[in-house]
Amino acid sequence: MNPEKTDYTPIKQLLYRRLTESGWCDQVRMLVRLKLKENRNISVNELVESSLPKARGIVPAAIKREMLQKLKDEILRDSGYYDAEGNPS
C-alpha cells in the first residue's frame with residue numbers, strides 16, 4: 001500500500017458538484033429552513049442531528065453508485081491493484 005496519504009479532494013469536489021447539480025443542496029436547505037421555522041430555539045447540533053438522516057436518505061442513488069465506484073477505484077489504485085492508467089497490475 002502507498003505510504004503517502006491519499007488525497008480525496010477531487011472526489012469530494014465531484015461529490016459536491018453532483019449534489020449541487022441534482023438539487024440536493026437546495027432540498028437540504030429547504031429542510032433546514034422548515035426545521036428552523038418549527039423551532040427557532042434549536043441548537044446547531046440539534047439541527048444537524050435531526051436533519052442528517054433525511055439529508056442522507058435523499059441523496060440520489062446514481063450519485064451514491066458513482067461515488068462508491070470512484071472510491072473503490074482509488075482504493076484499488078492506492079493498494080497497487082491498478083497501475084496509474086487504471087489497468088490491473
Query - Within one Ile-Leu-Val-Met-Phe-Trp-Tyr cluster: Met67 and Val28, side-chain cutoff 4.5 Å - result: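 In one cluster: yes.
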Query - Leu52-Val59 co-clustered via ILVMFWY side chain contacts under 4.5 Å - result: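 No; Val59 is not reachable from Leu52 via cluster members.
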Report task. Please check if any side-chain donor atom of Asp7 sits under 3.5 Å from a side-chain acceptor atom of Thr9, or the reverse. Result ->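 There is such a pair (donor and acceptor under 3.5 Å, judged by atom type) between the side chains of Asp7 and Thr9.
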**Report entry** Least distance between heavy atoms, Val32 atom then Ser51 atom
**Finding:**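 In terms of heavy atoms, the two residues are closest at CG2-OG, 4.0 Å.
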Query raised in the report: Is there any salt bridge (Lys or Arg N to Asp or Glu O under 4.0 Å) pair reaching into residues 27-46, and which pairs are they, with sequence neighbours excluded?
Result: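 For residues 27-46, and leaving out neighbouring residues, the salt bridge (Lys or Arg N to Asp or Glu O under 4.0 Å) pairs sorted by first residue read Asp26-Arg29.
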Partner residues of [X] under the side-chain hydrogen bond (donor to acceptor under 3.5 Å, both in side chains) criterion, sequence neighbours left out:
X	answer
Asn39	none
Glu49	none
Gln27	none
Gln13	none

Query raised in the report: So which of Asn45, Asn41, Leu47 actually passes side chain to side chain contact (heavy atoms under 4.5 Å, CB included) with Ser43?
Result: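 Answer to the side chain to side chain contact (heavy atoms under 4.5 Å, CB included) test with Ser43 among Asn45, Asn41, Leu47: Asn45.
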**Report entry** Worked check of side-chain contact (heavy atoms from CB on, under 4.5 Å) between Tyr81 and Ile75
**Finding:** CA-CA 9 Å; Tyr81 184 79; Ile75 290 167; over 6 Å; no
**Report entry** Ile63 side, atom CD1; Leu68 side, atom CG - distance, nearest 0.5 Å
**Finding:**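 The CD1 atom of Ile63 sits 13.5 Å away from the CG atom of Leu68.
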Query raised in the report: Within a radius of less than 6.0 Å around NZ of Lys64, do more than 12 heavy atoms belonging to other residues, nucleotides or ligands occur?
Result: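 Counting neighbours around NZ of Lys64, more than 12 heavy atoms of other residues, nucleotides or ligands fall under 6.0 Å, so yes.
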Residues 14-25, side-chain donor-acceptor partners within the protein, below 3.5 Å, at least two apart:
{"from": "Arg18", "atom 1": "NE", "to": "Glu66", "atom 2": "OE1", "distance (Å)": "3.0"}
{"from": "Arg18", "atom 1": "NE", "to": "Glu66", "atom 2": "OE2", "distance (Å)": "3.3"}
{"from": "Arg18", "atom 1": "NH2", "to": "Glu66", "atom 2": "OE2", "distance (Å)": "3.1"}
{"from": "Thr20", "atom 1": "OG1", "to": "Tyr16", "atom 2": "O", "distance (Å)": "2.8"}
{"from": "Ser22", "atom 1": "OG", "to": "Arg18", "atom 2": "O", "distance (Å)": "3.4"}
{"from": "Ser22", "atom 1": "OG", "to": "Leu19", "atom 2": "O", "distance (Å)": "2.9"}
{"from": "Ser22", "atom 1": "OG", "to": "Trp24", "atom 2": "N", "distance (Å)": "3.3"}
{"from": "Trp24", "atom 1": "NE1", "to": "Ala55", "atom 2": "O", "distance (Å)": "2.9"}

